[in-house]
Amino acid sequence: MDLDHASPLCGAGMESDCLLVRAHREAFALIEIMAGPEADAQFHFTGIKKYFNSYTLTGRMNCVLATYGSIALIVLYFKLRSKKTPAVKAT
Amino acid sequence: MNENLFASFITPMMFGLPLVTLIVLFPSLLFPTSSRLVNNRLISLQQWMLQLVSKQMMSIHNTKGQTWALMLMSLILFIGSTNLLGLLPHSFTPTTQLSMNLGMAIPLWAGAVITGFRNKTKASLAHFLPQGTPTPLIPMLVIIETISLFIQPVALAVRLTANITAGHLLMHLIGGATLALMSINTTTALITFIILILLTVLEFAVAMIQAYVFTLLVSLYLHDNT
């Protein structure tokens with residue numbers, strides 16, 4: 001899609017992109033630089049922090065998966081525990 | 001009075017047949033297609049407007065995201081034209097129905113999220129944890145981000161429904177108040193009428209803004225996932 005020709009809102013003599021369009025592009029480019037995989041190289045973690053941290057992409061993904069796994073284990077534990085508990089007998 | 005207040009939101013029927021399909025399809029008649037290079041004024045104006053909106057909205061997307069351009073432009077045209085047509089007296093507005101808006105919001109949101117999980121699984125999962133979160137807050141924030149993800153389509157639909165419904169209801173109430181006040185106090189009725197005019201102008205703006213907001217949010221969800 002060609003989005004580079006002049007918009008009707010831009011006057012003659014201005015650049016082809018409107019100010020608003022350029023601001024959008026720059027804002028999202030900045031977000032991509034901050035959160036992209038190439039940004040992971042600037043962090044040097046050791047030990048368990050190498051795999052579980054809130055800075056690198058891999059670290060964040062592993063933290064999220066660990067959280068979901070923990071919730072699943074807790075739910076499983078309570079489900080199995082309720083099946084094992086015998087019914088109360090009348091005395 | 002109470003029954004009349006919500007009568008405009010009941011889906012219209014004629015001889016037992018639902019008219020909703022015809023009403024939903026009607027806005028497409030207002031956007032004719034043409035195979036000519038130089039079109040008439042209406043089509044030229046519509047094409048210029050569409051080009052303006054698509055340039056502003058699709059410029060942030062990469063190649064993959066821009067494949068959704070047709071979908072997003074159809075969405076904004078449909079919601080905008082439906083909302084504006086609903087401002088005609090005694091007309092039915094499909095976007096006041098939560099079922100309709102959920103039917104638009106859920107598939108579009110799910111499409112964007114599934115696209116993200118298929119093409120960028122790592123980044124999509126990492127999205128659930130904001131960068132730089134302190135370690136003790138990680139589990140709580142993951143849960144909060146998951147909830148906020150699943151709330152998105154509901155919020156999209158409810159936002160549109162509530163805005164359009166509330167506006168129509170308010171117009172109905174103030175119009176009724178103006179009529180009732182005419183026989184009691186003409187000056188107060190005139191003031192209420194002026195308020196009604198201003199509210200109608202506001203509703204025109206809300207109709208177009210809500211269409212833009214709905215489409216922009218879908219576009220942003222897509223951008224996060226492509």
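What's counted below: heavy atoms across the whole structure, side chains too, no hydrogens, waters or symmetry copies. Bear in mind that the values here come from a model prediction, so they are computed numbers and not experimental data. Residue numbering restarts at 1 for every chain, and letters A, B, ... go by the order of the sequence lines.
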* Portion of B:Thr133 that has a non-hydrogen atom of chain A nearer than 4.5 angstrom -> both
* **Heavy atoms from other residues, nucleotides or ligands near OH of A:Tyr51 exceed 12 (cutoff 6.0 Å)** => no
* Taking atom OH of A:Tyr68 as the centre, report whether more than 12 heavy atoms of other residues, nucleotides or ligands fall under 6.0 Å from it. => yes
* Asked: Quick one: which residues of residues 139-146 of chain B reach chain A at under 4.5 angstrom, heavy atoms only?
  -> B:Pro139, B:Val142, B:Ile143, B:Thr146
* **B:Ile138 CD1 to A:Arg60 CZ distance, which is reported to the nearest 0.5 Å** => 10.5 Å
* Asked: Which answer fits A:Ser54, side chain, backbone, both or neither, if we ask what part of it has an atom under 4.5 Å from a heavy atom of chain B?
  -> both
* To do: Between chain B and each of A:Thr67, A:Asn62, A:Ile71, count heavy-atom pairs under 4.5 Å; write down the option with the most.
  => A:Thr67
* Structure fact -> Whatever's closer than 4.5 Å to a heavy atom in chain B on A:Phe52 counts as neither
* Asked: Quick check: are there more than 12 heavy atoms from other residues, nucleotides or ligands sitting under 6.0 Å from CG of B:Leu29?
  -> yes
* With a cut-off of 6.0 Å (strictly less than), are more than 12 heavy atoms of other residues, nucleotides or ligands near NE2 of B:His61? -> yes
* Structure fact -> Distance col, row A:Asn53:CG vs B:Gln131:CD, nearest 0.5 angstrom, shows 9.0 Å
